[in-house]
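A short write-up of the structure that comes next.
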Amino acid sequence: MEQLPGGRRLRLASSLGLGQRCWEVTLDEERGLLAWRDPRPPRRGADNCFVPTSEIIAVEETEQNKKQRSTGKWQKMAKPHAFTECRPKQLLVYINPYGGKRQGKRIYEQKVAPLFSLASISADVVVTEHANHAKDNLFEVNISKYDGVVCVGGDGMFSEVMHGLIGRMQKDSGIDQNNPKAPLAQCNIRIGIIPAGSTDCVCYSTVGISDPVTSALHIIIGDCQPLDVSSVHHNNTFLKYAVSLLGYGFYGDVLKDSEKKRWMGPMRYDYSGFKTFLSHHYYEGTISFQPAKHTLGSPRDKDSCRTGCCVCKESEQQLAEQRKKCGFKHEEDEDEWKVIKGKFLAINVVNMSCACPRSPKGLSPAAHLADGTADLILVRKCSRFDFLRYLVRHTNRDDQFDFSFVDVYRVKSFQFTSKLSEDNESSVTDIGKKRFGQFCRDHPACCCNIANSTWNCDGETLDSSAIEVRVHCQLMKLFARGIEENCTDEAAYSHSSIEQLL
Ligand SMILES: Nc1ncnc2c1ncn2[C@@H]1O[C@H](COP(=O)(O)OP(=O)(O)OP(=O)(O)O)[C@@H](O)[C@H]1O
Ligand SMILES: CCCCCCCCCCCCC/C=C/[C@@H](O)[C@H](CO)NC(=O)CCCCC
Ligand SMILES: [Ca+2]
């Protein structure tokens with residue numbers, strides 16, 4: 001035991017042989033750090049490493065020849081979860097064997113299961129047999145048995161698990177999801193995402209990398225990242241929840257076309273993206289939204305949402321105060337609505353940055369994970385060349401909002417009606433208009449567009465073009481901690497697909 005300068009703190013010190021080198025190891029209980037360093041006089045760039053004890057996943061004794069010893073002075077930890085209280089012990093795992101490059105099962109078995117077993121976590125594993133298997137199953141299982149749910153797959157698989165958990169929570173609390181104004185019950189069981197999909201936007205935007213081992217470690221350590229969720233309704237009917245992108249126009253059309261090309265795997269988005277870009281359709285409609293007033297941030301901020309984000313913390317406090325004051329009742333009904341009519345190439349509503357390997361800073365780089373707001377991005381009708389300039393800025397550091405045809409707003413609720421459905425409502429028998437709509441759909445080179453687009457809701461197509469959206473602050477939680485400050489974007493940019501193309 002060693003006395004530190006200042007005489008107050010005590011720490012345990014020992015030496016550890018690692019390979020040919022002998023390291024000095026210290027356990028600083030007060031700061032919660034296990035540190036090891038080369039005891040020889042310090043050289044430039046000498047290794048000096050530490051790990052917070054809260055992030056140690058397992059302790060085992062091995063001999064120098066790496067064989068495990070079952071008896072002796074040191075024993076395997078009696079309480080493997082002794083480091084922190086918030087670590088999961090029992091998990092429910094859903095694997096989509098067909099997501100992305102169809103590697104989900106292999107990724108889980110080879111990279112994740114061994115780490116869970118090392119950390120003494122038991123897992124009940126369900127390999128899904130059809131779409132909605134995981135979602136339906138979550139309404140039936142004894143959920144109280146588990147400390148978390150893990151999905152192995154892409155954004156679509158995450159969405160299924162999220163719908164299962166949030167839906168189950170509302171059902172158990174007697175809340176009607178069809179009521180767009182109903183305050184929803186928070187979902188406290190955390191979801192872990194092992195990325196094995198085509199875009200993996202939710203994982204990338206909440207962890208900073210799309211890597212199964214990193215995600216498995218966040219689950220084991222028991223990290224917790226609250227997440228905003230938007231509810232989407234049409235005529236008092238619940239349609240979907242969204243956490244990443246709700247996109248009409250460009251991203252809706254890319255998705256619709258890409259669904260026919262699922263056999264292409266992740267490449268389908270490049271194919272359909274290019275095809276949709278060439279078609280250059282714009283859509284007319286009316287947007288109404290309530291600007292977010294409670295939050296400190298703005299979509300044009302230079303700083304992004306990072307681990308321990310103070311903008312999100314502030315929103316959490318406001319949420320708690322609001323709940324104290326008026327229970328679960330929403331206050332925003334009295335707030336003003338802003339209305340915009342126009343012709344748009346893309347209408348994107350994003351709850352988070354939507355960063356992914358294709359776009360390392362995402363659709364809205366300053367969006368926050370848990371501030372109770374979404375960023376509404378309006379890309380008005382412009383030339384093909386200008387739209388290309390806009391898209392290319394998603395892949396580099398230039399500001400994608402610095403265009404005269406792009407507007408961005410931070411909102412807490414949003415509504416959209418297409419011109420076509422407005423016109424149809426006022427004159428349902430106007431067959432000429434419907435015919436013209438058909439004509440233009442059949443001639444993609446014709447940019448004057450009368451037909452509707454469809455909404456892309458976290459990678460799934462919605463049936464209705466008229467929607468009503470409301471952001472629910474921190475409705476759910478992930479096994480993640482947000483993107484860490486010292487995570488440089490350099491690696492991500494050097495891998496961005498567009499940079500390889502140019
Ligand atoms: N066994 C299964 N057979 C067919 N479809 C499935 C099965 N399990 C899940 N699904 C569905 O597959 C859809 C896509 O899966 P997933 O999100 O994992 O991959 P992806 O679409 O390639 O990736 P991303 O969503 O990141 O673009 C999900 O919406 C899910 O509902
Ligand atoms: C000419 C070169 C221009 C290159 C432009 C690249 C811009 C990439 C932006 C990517 C934004 C992804 C937003 C995430 C959406 C997910 O919820 C959804 C489900 O996984 N993915 C898609 O809809 C898949 C959407 C894929 C779009 C390409
Ligand atoms: Ca948000």
Side-chain angles (χ1 to χ4, degrees), residues 94-102 104 126-135 151-161 163 193 195-205 210 226-230 242-247 250-256 258-259 262 265-266 268-274 276-277 292 295 297 305 309 311-312 315 348 350-364 366-375 387-396 400 410-412 456-461 471-474 496-498 501-502:
Y94 293 105
I95 304 176
N96 176 2
Y98 303 116
K101 295 182 186 151
R102 304 180 166 222
V126 179
V127 178
T128 59
E129 285 163 12
H130 51 85
N132 288 327
H133 183 165
K135 185 181 140 202
C151 60
V152 185
D155 295 322
M157 193 56 193
F158 167 77
S159 173
E160 245 200 57
V161 168
H163 279 84
I193 310 170
S198 301
T199 318
D200 297 322
C201 158
V202 184
C203 176
Y204 196 98
S205 302
S210 177
L227 204 60
D228 295 337
V229 178
S230 288
V243 286
S244 54
L245 167 70
L246 260 168
F250 183 72
Y251 288 106
D253 295 351
V254 171
L255 181 74
K256 192 152 195 185
S258 71
E259 282 300 296
R262 268 210 168 264
R268 68 189 186 279
Y269 290 132
D270 298 314
Y271 169 85
S272 301
F274 186 59
T276 309
F277 168 74
T295 167
C305 185
C309 172
V311 174
C312 294
S315 287
N348 298 324
V350 298
N351 268 18
M352 55 174 70
S353 70
C354 286
C356 60
R358 280 164 205 279
S359 172
K361 66 180 166 49
L363 295 180
S364 190
H368 287 270
L369 294 171
D371 66 342
T373 76
D375 288 351
F387 191 55
L388 180 64
R389 286 170 64 214
Y390 167 73
L391 287 179
V392 167
R393 286 198 188 175
H394 289 83
T395 66
N396 60 33
Q400 65 256 55
R410 192 150 281 181
V411 307
K412 58 184 182 179
N456 172 341
C457 177
D458 283 358
E460 268 190 78
T461 295
V471 186
H472 299 263
C473 187
Q474 308 194 359
S496 92
S497 53
I498 187 69
L501 277 174
L502 291 175

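We count ligands from 1, going down the list as the structure has it; atoms in each ligand are counted the same way. On a predicted model such as this, the values are computed, not experimentally measured, just so you know.
Neither the backbone nor the side chain of Asp270 has a heavy atom within less than 4.0 Å of ligand 2. Contacts of Asn456 with ligand 2, taken as heavy-atom pairs under 4.0 Å, involve the side chain alone. Of the heavy atoms in His130, only backbone atoms (N, CA, C, O) come closer than 4.0 Å to ligand 1.
Between O of His368 and O of Thr373, the angle at the Ca ion (ligand 3) works out to 150°, rounded to 10 degrees. With the Ca ion (ligand 3) as vertex, Asp371 OD1 and Asp228 OD2 subtend 70°, rounded to 10°.
What sits closest to atom 5 (N) of ligand 1 on the protein, heavy atoms only, is Ala131 N, 3.7 Å. Of the protein's heavy atoms, Thr128 O, 3.0 Å lies nearest to atom 1 (N) of ligand 1. Distance from atom 31 (O) of ligand 1 to its nearest protein heavy atom, with residue and atom name: Glu160 OE2, 2.4 Å.
Of the N or O atoms in Met157, one or more lie within a sub-3.5 Å distance of an N or O in ligand 1. Checking only distances, Gly156 does come within under 3.5 Å of ligand 1, N or O to N or O. An N or O contact shorter than 3.5 Å is missing between Tyr98 and ligand 1 by distance. On a distance-only criterion, Gly153 and ligand 1 share no N/O pair closer than 3.5 Å. When only interatomic distances are considered, the shortest N/O to N/O separation between Asp155 and ligand 1 falls below 3.5 Å.
In this comparison of Pro97, Gly104, Ser198, the heavy atom closest to atom 24 (P) of ligand 1 sits on Ser198. Considering Gly362, Cys356, Gly459 only, the shortest heavy-atom separation from atom 10 (C) of ligand 2 involves Cys356. When Tyr204, Phe158, Tyr251, Tyr269 are checked for heavy-atom proximity to atom 7 (C) of ligand 2, Tyr251 turns out nearest. Between atom 5 (C) of ligand 2 and the options Leu391, Val202, Val254, the minimum heavy-atom separation is to Leu391.
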Does the ring pair (Phe, Tyr, Trp, His ring centres under 6.0 Å) test come out yes or no for Phe250 and Phe277, once each step is laid out?
CA-CA 8 Å; Phe250 183 72; Phe277 168 74; 7.5 Å; no
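Below 30°, between 30° and 60°, or above 60°: for Tyr390 and His394 the angle between ring planes is above 60°, a perpendicular geometry.
Close approach of ligand 2 to Asp155 (heavy-atom distance below 4.0 Å) involves ligand atoms 16 (C), 19 (C), 20 (O). Short contacts between ligand 1 and Thr199, defined as distances under 4.0 Å to a heavy atom of the residue, involve ligand atoms 24 (P), 26 (O), 27 (O).
Ligand 2 lies less than 4.0 angstrom from a heavy atom belonging to Asp458. Within the structure, ligand 2 has Ser244 among the residues with a heavy atom less than 4.0 angstrom away.
A salt bridge links Arg262 with Glu259: at least one charged nitrogen is closer than 4.0 Å to a carboxylate oxygen.
Summarising the geometry of Met352 relative to Ala367, their closest heavy-atom pair is C-CB, 3.6 Å, with the distance given to 0.1 Å.
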